[in-house]
Amino acid sequence: MASFSKSLSFESNTANFASSTSGSFVFGSSAVNSSSALGFRKKERIDKRRNKCRTSSPLHTSDAIGTLSAEQAPSGIVSFKAKSDGEKKTLSNSLLPLTMVTRILNGIPQSPHFYQLRNYSELTRNNLISAWDRIFEETVIEIHSLQAMDFWIRAKRLWKTIEELQNLGYNVIALRRRLVDLGDIMTELKLFQFQIKGLKIKAENHKMEKSRLLSLIENMQALAKKEEDCMESKLIEATNLENELPKFDAAFAKLAIKPI
């Protein structure tokens, strides 16, 4: 009985030790099967990790402008133009519907998504992408050539073009800021022009008032001259009458001494 208990205790301890080491030590034929299964599962996990790294790692090229990973795209193709050995090559995944192109235009980093072009063929899409790149560059050139005299007319067209570029994912922040700054200057210019116009209107009003007053002054001067002439004539007439006063004295004295 004691021997049976010792045997049972030994087997129990052996089983616990084997389970605690997670299959590191297995006896008999089961050891080979367990080891093979563990090795297969380990290899399968390594393969899965490698595949995951291949699909999730970003695309790197020595001459590419920036890098783009699959997680950075909203959904769809991760494709961007790279320069290798003097030729432009397009790296794409045909399983996804979007095209993400990274480049620098007029010194501005660009990552347009071209979502609207996803249903076109690759040739058509590439031609349209090149056309939109030219439109962006021509828009920058036109902004540089803006003049104050026709700014608002041309700016209206430029705003529409910039909105279309923005819808395709182009970075148009610098273009919008430049138009806004130019618009602020034109607004200040307009305010100055209004002030100048108002001041000129007030100056014209003062000129008219001056003319009215000068006319009034001329009329008053004419009246003053007329009154002055009348005054002089009256003074002359009074002087003439004063010269006749002695005759009244002589007449008075003569009449006074005359006998009654």
Side-chain angles (χ1 to χ4, degrees), residues 52-191:
K52 185 177 180 181
C53 290
R54 290 194 189 100
T55 56
S56 62
S57 62
L59 298 174
H60 294 280
T61 58
S62 59
D63 297 330
I65 302 172
T67 59
L68 184 66
S69 64
E71 289 80 6
Q72 291 173 320
S75 65
I77 298 178
V78 174
S79 167
F80 69 98
K81 293 182 180 179
K83 233 181 169 188
S84 176
D85 298 331
E87 294 182 354
K88 291 185 177 179
K89 296 182 180 179
T90 303
L91 305 177
S92 62
N93 183 355
S94 59
L95 297 177
L96 303 174
L98 295 184
T99 301
M100 185 72 75
V101 181
T102 301
R103 82 270 277 140
I104 293 179
L105 299 175
N106 293 94
I108 303 173
Q110 299 292 338
S111 296
H113 52 71
F114 297 116
Y115 180 80
Q116 293 86 339
L117 309 180
R118 67 191 185 281
N119 293 326
Y120 292 96
S121 65
E122 183 177 0
L123 177 60
T124 303
R125 186 167 59 249
N126 290 335
N127 289 334
L128 290 174
I129 288 172
S130 299
W132 279 110
D133 287 346
R134 288 195 302 273
I135 290 173
F136 182 91
E137 294 172 343
E138 291 172 359
T139 302
V140 173
I141 294 173
E142 187 170 357
I143 290 176
H144 288 318
S145 66
L146 285 173
Q147 300 292 330
M149 63 182 71
D150 58 349
F151 170 78
W152 294 112
I153 297 174
R154 295 176 63 184
K156 185 177 180 180
R157 296 196 301 264
L158 286 171
W159 275 116
K160 183 174 178 58
T161 303
I162 289 174
E163 183 178 357
E164 293 171 348
L165 290 168
Q166 185 176 5
N167 291 336
L168 290 170
Y170 281 90
N171 179 9
V172 295
I173 295 175
L175 279 64
R176 294 173 67 91
R177 185 184 295 115
R178 180 60 56 85
L179 278 183
V180 169
D181 292 342
L182 291 173
D184 291 341
I185 294 176
M186 290 301 300
T187 301
E188 293 180 4
L189 175 62
K190 199 70 173 178
L191 291 175

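None of these values were measured; they are calculated from a predicted model. Quick note: numbers below take in every heavy atom, side chains included, and nothing from hydrogens, waters or symmetry partners.
Within the 4.5 Å cutoff, the side chain of W159 has no heavy atoms near those of the K156 side chain. In this structure, I185 and F151 have side chains that are not in contact, with every pair of non-hydrogen atoms separated by 4.5 Å or more. Side-chain atoms of W132 and I135, non-hydrogen and from C-beta on, do get closer than 4.5 Å to each other. With a 4.5 Å cut-off on side-chain heavy atoms, L105 and V140 do not count as touching.
By the 6.0 Å contact criterion, OH on Y120 is open, its count of non-hydrogen atoms from other residues, nucleotides or ligands being 12 or less.
Within the model, atoms CE of M186 and CG of L146 stand 10.0 Å from one another, a figure rounded to the nearest 0.5 Å. Atom CZ of residue F136 and atom CD1 of residue I162 lie 8.5 Å apart, to the nearest 0.5 angstrom. Rounding to the nearest 0.5 Å gives a distance of 9.0 Å between CD of E122 and CD1 of I129. With rounding to the nearest 0.5 Å, the separation of CG in N127 from CG in L117 is 11.0 Å. Atom OG1 of T139 sits about 6.5 Å away from atom CG of L158, to the nearest 0.5 Å. Distance check: L182 CG to T187 OG1 gives 10.5 Å after rounding to the nearest 0.5 Å.
Of all heavy-atom pairs between R154 and S145, the closest is NH2-OG, 2.9 Å.
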Quick one: side chains of residues 165-175, donor-acceptor pairs under 3.5 Å with protein atoms, not counting sequence neighbours, listed by atom name and distance.
unit_1	atom_1	unit_2	atom_2	d
Q166	OE1	R176	NH1	3.3
N167	ND2	E163	O	3.2
Y170	OH	D133	N	3.3
Y170	OH	D133	OD1	2.6
N171	OD1	I173	N	3.3

